[in-house]
Peer 1: 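Quick one: the structure is below, and I'll ask about it shortly.
Being a predicted model, the structure only gives us computed values, none of them experimental. As the structure lists them, so they are numbered: ligands from 1, and atoms in each ligand from 1. These values consider heavy atoms only, across backbone and side chains, with no hydrogens, waters or symmetry-generated copies.
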Amino acid sequence: MSISKALIDEAIQWRRDFHARPELGYHEQQTSERVAQLLERFGIDVNRGLAGTGVVGTLRNGQGPTIGIRADMDALPIQELGQCAHTSTHQGCMHACGHDGHTAILLATARHLSETRRFSGTVHFVFQPAEEGLAGARKMIEDGLFEQFPMDAIYGLHNWPGVPAGHVVINPGPMMASLDTFEITLTGKGCHAAMPDKGADPIIAAAQLILALQTIVSRRLSPLDSAVISVTQINAGEAINVIPETASIKGTVRCLQPQVRDTVEQLIRQFVEQLPAVFGIGGELVYHAGYPVTQNHREAAAAVRRAAVTAVGESRVQWGCSPSMASEDFAFMLQACPGAYLWIGVDGEHPGAALHNPYYDFNDRVIEPAIAVWTQLVEQSLPVT
Ligand SMILES: [Zn+2]
Ligand SMILES: [Zn+2]
């Protein structure tokens, strides 16, 4: 399979243009318009407006199954610190997660497939907004993605620092953790700090509760199950000589299995209801269910593996990795439709910055192998008979 040098060069240019003009979740107007215009230029049917800035391009080529491939388009509220010709021109906003690369890869794949057409069936190219914490994938589903564009399977990728450039990593089970957040309010009775017996101290209760929450993972879950409970914010008090009336604790929970996720939520609830009460403090929990576990479907993951082995060679494909405890809203798509999510390595000779780092810049060398993987996946999933 040959991907033309001209197409790779064009894709690199798109990628750098996206990098220079990043847009935050649900505000990807320019990016989305550019994506739609390019797809139209390639002769692909374009649907605009799912989840606001979402774009779906549809390429039909005879009878056969239908698959979707998804890219995310949004950037992060981070001030870019790296300096290069395509540094972000938008103050306080940058592509620090490589979604500029994902978007360029999918556009180039669409163009390549529209020219080569060695498949029989339909491909939907799904460009989604707002992956970074705002659940753009769920919004596209709510807006009718899978009703308007029924698919036999959907696939997505993420660039992955720590893995050599162009290597593919795929797991037949969970790839990324679920993401929930919690907010706990502890209400006691404020008083003079010199007379603690006159009040009820929510700070003491908060300190005990934070330590107690850590025993959920260490003492209540099986050592073979995975979960992270991180308390990330504590707020209480305004004066050094006052015991405050309230304290607030916020944090995040990550799990790899739905049943572990349910157990952790129940135990946090139990601790918040019962532990502060011992100190005469009221506890209230608000638990926000965020992204589910990104759980690959076995057959779809095997299809990615086969495609990747053909595209980049067996020695560059890792099957059966440890999942990441970070999260991904593609999880919603995998709940609604069979499919799989893969990582493609981005490390050159000298590893670059981590995802979400202000010096991060997508490695353009990954564009070509990524197009090759998607192209193989389409040609193998939608064979010409
Ligand atoms: Zn990210
Ligand atoms: Zn990302």
Peer 1: Specify whether an N/O/S atom of His102 falls short of 2.8 Å from the Zn ion (ligand 2).
Peer 2: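 Here the distance criterion (N, O or S atom, under 2.8 Å) is not met by His102, so no.
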
Peer 1: Are Glu10 and Arg41 within salt-bridge range, i.e. N to O under 4.0 Å?
Peer 2: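 So Glu10 pairs with Arg41 through a salt bridge.
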
Peer 1: Between Arg70 and Glu328, is there a side-chain N and carboxylate O pair less than 4.0 Å apart?
Peer 2: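 Glu328 and Arg70: salt-bridged.
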
Peer 1: Suppose you place the vertex at the Zn ion (ligand 2); what is the angle out to His158 NE2 and Cys97 SG, to 10°?
Peer 2: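 The NE2/SG angle about the Zn ion (ligand 2) sits at 100°.
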
Peer 1: Answer yes or no: does atom CD of Gln63 have more than 12 heavy-atom neighbours from other residues, nucleotides or ligands under 6.0 Å?
Peer 2: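 Incorrect, the count does not exceed 12.
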
Peer 1: When you measure from the Zn ion (ligand 1) to each N, O or S atom of Glu132, which atom gives the shortest distance?
Peer 2: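 Answer by atom name: OE2.
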
Peer 1: Does the separation of the ring centres of Tyr291 and Phe332 fall below 6.0 angstrom?
Peer 2: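 Under 6.0 Å, so yes.
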
